[in-house]
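The structure appears right after this line, and notes come after that.
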Amino acid sequence: MIRLEHLSKTYSGRTGTHQALRGIDLHIEAGDVFGIIGQSGAGKSTLVRCINLLERPTEGHVLIDGKDITAYRGKELAKLRESIGMIFQNFSLFQQRTVLRNVMFPLELRHANKREAEARARELLKLVGLEDKGDRYPVQLSGGQQQRVAIARALANNPKIMLCDEATSALDTMTTHAILNLLRDINRELGVTMVVITHSLSVAQQVCNKVAVLDEGVIVEQGATAEVFGNPQSEATRRLIAADKGLLLDEYVAAQHEPYMGVPETPASAIAAGVINAADSIQAGNPAGTAAILDPVREAKGGDK
Amino acid sequence: MEAITAFIDQYGLLMAQGTWDTIVMTVLSTLFAYVIGIPLGVLLILTAPGGLHPHRVFNSVLGWLVNIGRSIPFIILIVFMIPFTRAIVGTSLGVGGAIVPLTVAAAPFVARMVEQSLAEIDGGLVEAAQSFGAGTWQIITKVFLVESLPSLIRGASITFITLFGFVAMAGTVGAGGIGDIAIRYGYQRYQDDVMIVAIVLCVVIVQVAQSVANLIARKIDHRVK
């Protein structure tokens, strides 16, 4: 469905050049919820913007449904973008338009019949659970509700693909969970292929069937989500896993590699043993493991400030 | 009481005509200044570095022209433009003769005001619009001008009040209006009562204009709950 071939993006400014993406090869299949995960500055946002050409790649090609779209411009590009919905970290809703007119915006752009557009927008608001908020303005809604409006807007043109750029990073945990569930439902019920950009391991684990780990503009690892995170091959992936557990990389690595030495005598190995136990219990699906993993670390650091 | 009646009898018509002329000159030149200034402001934003169509040379040249327009003192501009004004409206006197230099003086000012209002728009909104396939014209008409409307209206009230002051200057070279009356009667003929009434009228007009603009801006701004 989406194929990126040897994609590179270089920014040149007064202070020199910066290579945001280097030789990216990626294949996203129809129906995937494909996660692109990495730390800030890894190039995730640039990568996702190459798919709808908000950013033009310096080298390489973007293929959608087998067609090379890299050189699309004008009407051709507008047409393509109609089939790709997008949602953003800060929702990017039009503040001077009502919720309903926000959802109608993509339809307005292609001069759709006004009555049909309105009916379609109301239908979408119902889908995201906001059918009673059509006449409100974005400022009157909570963050989670605003992102729901943005999702409805992104679906207005019946896209085959939806790009989600850190869509839950501005939301709290509970709201994040609800939004991710909604995205997964849309993927399953409407068959929309999703590209999910995130720095959060738990977000990727919750919704993505496949992930690619991006580090300094290079894809260092990709595959099925469970495989990549269950058996990390690269330092970048391990760093993301450690960050998700609230650890620094060396603490996490210590916990992974410290050999078992019988009854632990030193505080360091005590921590390591605790972490390993806790990690096991997390894998076994016991949420109490998170506390167990952090407590010995905090104690050894001399208390949590 | 008698004094007031006598004043109205003597100067009422004159003051009413002057007030009307001033309002007509200010409103029309504000309007024309926006007709020219909005496209200029939009062009400045579009061609700015990081804009939708960055073009350094075009942007710099336009910026210079706007700055030149803003740096000529208005009183000099009126005189300098007399031949041009005559060519356009057939006279350099009266309401018609004043509107041409007023518009020319205000358009660069408006261009900067519009540029300022548009610069405040969240770049994420422009990107979102693009992601749905919006072209430049659609972004201008459906994002730029809609999202910045409250700010544009506040800017228009500033332009209106600035031009209101300019109209008084235009009065000294034959444009008429309330400022002209204040100078001719109040200053040159030492008629303090005319001067004071003219000043009060000016204050009232400016206050009303500002209040109306604030009210409209607040009414149409949906960023506040």
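On a predicted model such as this, the values are computed, not experimentally measured, just so you know.
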Intermediate values then yes/no, side chain to side chain donor-acceptor pair (under 3.5 Å), Ser151(B) and Ser117(B): CA-CA 6 Å; Ser151(B) 172; Ser117(B) 292; 2.7 Å; yes

Heavy-atom side-chain proximity of Arg73(A) to Arg56(A) below 4.5 angstrom: yes

Part of Val126(B) within contact of chain A (heavy atom distance under 4.5 Å): neither

Phe94(A) portion near chain B, given a 4.5 angstrom heavy-atom threshold: both

Residue, of Arg81(A), Lys75(A), Glu108(A), Lys79(A), that accumulates the most heavy atom pairs under 4.5 Å with chain B: Arg81(A)

Closest-packed option against chain B by number of heavy-atom pairs under 4.5 Å, given Gln89(A), Arg97(A), Arg136(A), Arg110(A): Arg97(A)

Check: Ser45(A)/Asp165(A) side-chain N/O donor and acceptor closer than 3.5 Å: yes

Per-residue contact mode, Leu109(A) against chain B (heavy atom under 4.5 angstrom): both

Side chain / backbone / both / neither for Asn52(A) at chain B, heavy atoms under 4.5 Å: side chain

Which atoms of Ile220(B) approach chain A - backbone, side chain, both or neither, heavy atom under 4.5 Å: backbone

Asn102(A) side chain near Thr98(A) side chain, heavy-atom distance below 4.5 Å: no

Geometric class of the His55(B)/Phe58(B) ring pair [parallel <30°, tilted 30-60°, perpendicular >60°]: perpendicular

Region of Leu93(A) that comes under 4.5 Å of a non-hydrogen atom in chain B: backbone

Parallel, tilted or perpendicular: rings of His18(A) and Tyr11(A) (30°, 60°): parallel

CZ (Arg184(A)) with more than 12 external heavy atoms under 6.0 Å: yes

Residue Gln138(B) versus chain A: region with a heavy atom under 4.5 Å: side chain

